[in-house]
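Chain naming here is simple, since letters A, B, ... match the order of the sequence lines and numbering starts at 1 in each.
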Amino acid sequence: MPEMPEIETLARQLRAAVVGKRITGVYLSGMALRRPIASTFAARLRGRTIRKIRRCGKYLLVELEPGALWVIHLGMSGRILAGSPPKSRDRHTHAIVQFSDSTCLEYRDPRRFGLLAAYETLKPGQIPEIRELGKDPLSPGFSGRWLRPLLQNSGREIKSFLLDQHKVAGLGNIYVCESLFHARIHPARRCSTLTLEETDRLVRAIRYVLRLAIRNRGTSFSDFMDSDGRPGEYQNCLKVFQRERQKCVRCKAPIRRMRQGNRSSFYCAHCQK
DNA sequence: GCATTACCCTGAAAGC
DNA sequence: TGCTTTCAGGGTAATG
């Protein structure tokens, strides 16, 4: 399940692999992803050159020249592979973008929760999915000072708040669980009850967890692989996620699991208050 | 604004 | 062994 560290890993690899390449062809499976791929998609990519690759939350933004943006979201199970054109087409391959040097990018997504779109603009602010994103946790503005008033004005549970991409862009279930553990905050705590010190701790925990995860090229369970087809390694660093009934690394109490808004939360009831 | 629920989808795991 | 059911989850939309 690709979250921000996995997307950041991909973005870094793709910058090295495809920036400067000219798109000569686009194959589409014709199957809908989260929503159908627009009929204009292939034409907007074809003939353009990749100028830059950016990440916004869990989205990849591929800047094209002349000015256009190719927007990619991997959903739950999306993968992007860079290299030679595949000899046989995987049944979950939904797009292949070919370059003038005979290499290509292949988009696979078994569950089809992802998104591929192209816009005739270079301004992310004109793209609905991007415009509505909250603050990126690794951006300079992500601080206790910024977060504090938002939390004070919210009666929601902190887990739900942190998963809300309109508030904080890039966190998913894994890194919210891990960040709350590091910050020693219970996932069901109401936002407005967090103290100033806890808010600062949470900000530090989120940034620590994300940076460590990026250094480990993300987390791989069954789905995520980087663009070379290699799994990430942050799953070896997980303290609570998918560790139900195992001992807490801090206090040895068993890790618990609870349901919050149809998602699993993993936490230590002894350490996290 | 927020909680809840349903939906999209497939593969893995569990249950029989 | 093989079939069926359940579960997982990111984002969105409808509803209350």
Peer 1: Does Arg91(A) have a side-chain nitrogen or oxygen under 4.0 Å from the phosphate oxygens OP1 or OP2 of dG11(B)?
Peer 2: yes
Peer 1: Under 4.0 Å: is that the gap between some side-chain N or O of Ser160(A) and OP1 or OP2 of dA3(B)?
Peer 2: yes
Peer 1: Are Arg34(A) and dT12(C) close enough that a side-chain N or O sits under 4.0 Å from OP1 or OP2?
Peer 2: yes
Peer 1: Look at the side chain of Arg263(A) and the base of dG10(C), then say whether one donor and one acceptor between them are separated by less than 3.5 Å.
Peer 2: yes
Peer 1: Does Gln165(A) make a side-chain N or O approach to OP1 or OP2 of dG10(C) shorter than 4.0 Å?
Peer 2: no
Peer 1: Do Phe113(A) and the base of dG11(C) stack face to face, with centres under 5.5 Å apart and an angle between planes under 30°?
Peer 2: no
Peer 1: Within the structure, does a side-chain N or O atom of His166(A) lie under 4.0 Å from either OP1 or OP2 of dG11(C)?
Peer 2: no
Peer 1: How would you label the contact of Glu132(A) with the nucleic acid (heavy atoms, under 4.0 Å): base, sugar-phosphate, or nothing?
Peer 2: nothing
Peer 1: Please check the phosphate of dT10(B) (OP1 and OP2 only) for any side-chain N or O of Arg112(A) closer than 4.0 Å.
Peer 2: yes
Peer 1: Between Lys167(A) and dC2(B), is there a side-chain N or O to OP1/OP2 distance below 4.0 Å?
Peer 2: yes
Peer 1: Kindly say if Ser154(A) contacts the phosphate of dC2(B), meaning a side-chain N or O under 4.0 Å from OP1 or OP2.
Peer 2: yes
Peer 1: On the nucleotide dC9(B), are OP1 or OP2 found under 4.0 Å from the side-chain N or O atoms that Arg35(A) carries?
Peer 2: no
